[in-house]
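The block underneath contains the structure these notes are about, expressed in structure tokens.
These values consider heavy atoms only, across backbone and side chains, with no hydrogens, waters or symmetry-generated copies. In this chain, residues are counted from 1 in sequence order.
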Amino acid sequence: MKKLLLLLLIVPVCLVLPGCSQTRQPEHQAFAISLSADLLDDGQMLIAVQVPTFGGEASPSDKGGGGEGGEGGSSPQSNYAIYSATGASFPEALDLLQSTIPNTLKLTQLKSIVFNDKLARSEQFGRVVEQMVMTYQIFGAASAIMCLGSAREFIENQHPVIGVRLSTSIASALEHYFLGGYTTLTSLYGLNASNKSIYSDPVITVAAVGESDEAEQIKIEPNLMGNAIAGKLPREGSNPNQYMGCALVLGGRVIDILDGRLCQWMEMLNADVKSVNYMCDGISVQLSVLSRPKFDIRLKPDGIDVSLNVKLLAVPLIEAPDEHVLREKIKGEILDLIDRCQAAGVEPFNLAELAAINFLTVQDFQNYHFRDKFCASDVAVTVDIVMDKS
């Protein structure tokens, strides 16, 4: 009797065990680590994925399979293949892509999702982001990036390293640029949630392939870093991809781009970055936040009064700059940042969340039109610097 009961327990378990099914092997599945979306001039949507090719290098002849709109291949220097498809919309292009890739497409390992600037600036952008969030298996914690130029070309030029965990080098690189204040870090989920929020506005990473034509069209102030925007950085390397600056998003689409200099201060003011390298009159210093930058807001029926106090520790790397010159330069750049955001009609400093606690209901807060009042306000900025000359 006991043997019979044991047999009855074992048989059902054996029936559900996968065994050595070939379709479950990693090399028989297409684990995408980056996804790109390009809005083309004819209104079509081109999407592409970067997929590791296990067991050997990809060759330029690798194809995404049959079917209209499918294409693929990668450079021989990379262990990755690029597969792409074009459709009238994101869901249509994704369906076509899934049907043309020779293996099962898996989007659970995505590290980055790259949009071309034409799509990011269009009215479709917010809807496409929402569609991605609602798409089964797309990893929402993947970083959202706006590329100046072709997003497909951008992921084709990145050569991440396959380690113990799949291509963590992408996430590591993005964190490095973020902690240096050169750009921001926003997930797909975070971008979609902020697009729907009644509070502060989101920003996303800006990237480009070196010497981007689109970067040429961005007007920025010259500074000691050169043209501090992705695609125009005066550097060379085996990887032409560049990350620098951030894009302001309002109403579900990008409306302006900040260079690395202004992006650095935005991250400092939001307390996301604690320390950055800085140049003043050709002298290099390290700036660290002594205490969280403090915004004070006074709400009035016809407007708001905003003041900001920033306390910084300056550590000269070789020689100390003139403290007054340093203070005035920093203050001027912070005011430039605030003026730029106000001119664009955005509030990315999380001030709306602070103001909302003064209202009894959400509707009362919405009726106050905080963003409009912030953009029309004069912001008083004070900068305190402690110079470490030891």
Side-chain angles (χ1 to χ4, degrees), residues 32 34-50 69-71 82-97 110 112-133 135 138 142-158 183-184 186-188 191-192 194-195 201-220 227 229-233 240-260 263 340 344-346:
S34 284
L35 181 147
S36 67
D38 287 277
L39 180 62
L40 304 179
D41 291 338
D42 60 2
Q44 293 280 94
M45 187 76 65
L46 168 66
I47 67 169
V49 289
Q50 185 179 40
E71 56 183 89
I82 302 293
Y83 300 102
S84 61
T86 303
S89 64
F90 170 74
E92 181 178 317
L94 181 60
D95 285 345
L96 180 58
L97 183 64
L110 283 176
S112 63
I113 300 176
V114 187
F115 307 90
N116 74 331
D117 57 312
K118 185 178 181 64
L119 172 58
R121 292 177 182 273
S122 73
E123 298 289 346
Q124 301 181 45
F125 183 51
R127 178 58 179 159
V128 170
V129 169
E130 183 178 24
Q131 288 172 339
M132 287 184 175
V133 168
T135 298
I138 283 189
S143 295
I145 300 169
M146 187 190 80
C147 178
L148 301 173
S150 169
R152 186 192 190 282
E153 180 185 359
F154 183 84
I155 68 169
E156 196 169 19
N157 275 287
Q158 70 181 3
T183 187
T184 188
T186 304
S187 69
L188 181 71
L191 175 60
N192 185 62
S194 295
N195 281 341
D201 303 304
V203 295
I204 60 173
T205 301
V206 171
V209 179
E211 298 302 320
S212 167
D213 291 337
E214 284 73 13
E216 292 274 8
Q217 302 171 12
I218 299 174
K219 296 180 179 179
I220 59 177
N227 291 334
I229 195 71
K232 293 301 297 177
L233 301 181
N241 287 358
Q242 300 177 1
Y243 296 89
M244 181 69 75
C246 59
L248 304 175
V249 181
L250 178 65
R253 66 187 185 93
V254 169
I255 58 170
D256 199 4
I257 296 174
L258 304 180
D259 65 5
C263 181
R340 187 75 169 270
V346 302

Which heavy atom in [X] sits nearest to a heavy atom in [Y], and how many Å separate them?
X	Y	answer
G260	M244	CA-SD, 3.5 Å
A344	L250	O-CD2, 3.9 Å
L258	C263	CB-N, 4.4 Å
S122	R253	O-CB, 3.3 Å
L40	K118	O-CE, 3.5 Å
V206	A247	CG2-N, 3.5 Å

Check: Should the heavy atoms of other residues, nucleotides or ligands under 6.0 Å from CG of D41 be counted, would the total exceed 12?
Finding: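 Incorrect, the count does not exceed 12.
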Test your reading of the model: is there a side-chain donor-acceptor pair from [X] to the backbone of [Y], 3.5 Å cut-off?
X	Y	answer
N241	A207	no
T183	G245	yes
D38	A151	yes
T186	V203	yes
S187	A142	no
R340	I257	yes

Roughly how far, to the nearest 0.5 Å, is the [atom2] atom of [Y] from the [atom1] atom of [X]?
X	Y	atom1	atom2	value
T184	I145	OG1	CD1	11.0 Å
I204	F125	CD1	CZ	4.5 Å
I155	C147	CD1	SG	10.0 Å
M132	L110	CE	CG	9.0 Å
Q50	F154	CD	CZ	10.0 Å
L35	F115	CG	CZ	8.0 Å

Side-chain heavy-atom pair [X], [Y] within 4.5 angstrom cut-off:
X	Y	result
I138	V133	no
V254	D117	no
M146	L148	yes

Next item on the list: Carefully, step by step, assess L46 and S84 under the rule side-chain contact (heavy atoms from CB on, under 4.5 Å).
Entry: CA-CA 7 Å; L46 168 66; S84 61; 3.9 Å; yes
Margin query: For a side-chain contact (heavy atoms from CB on, under 4.5 Å) check, start with the C-alpha distance between Q158 and S112, then their side-chain angles and the critical distance, and finish with the verdict.
Written below: CA-CA 11 Å; Q158 70 181 3; S112 63; 4.3 Å; yes
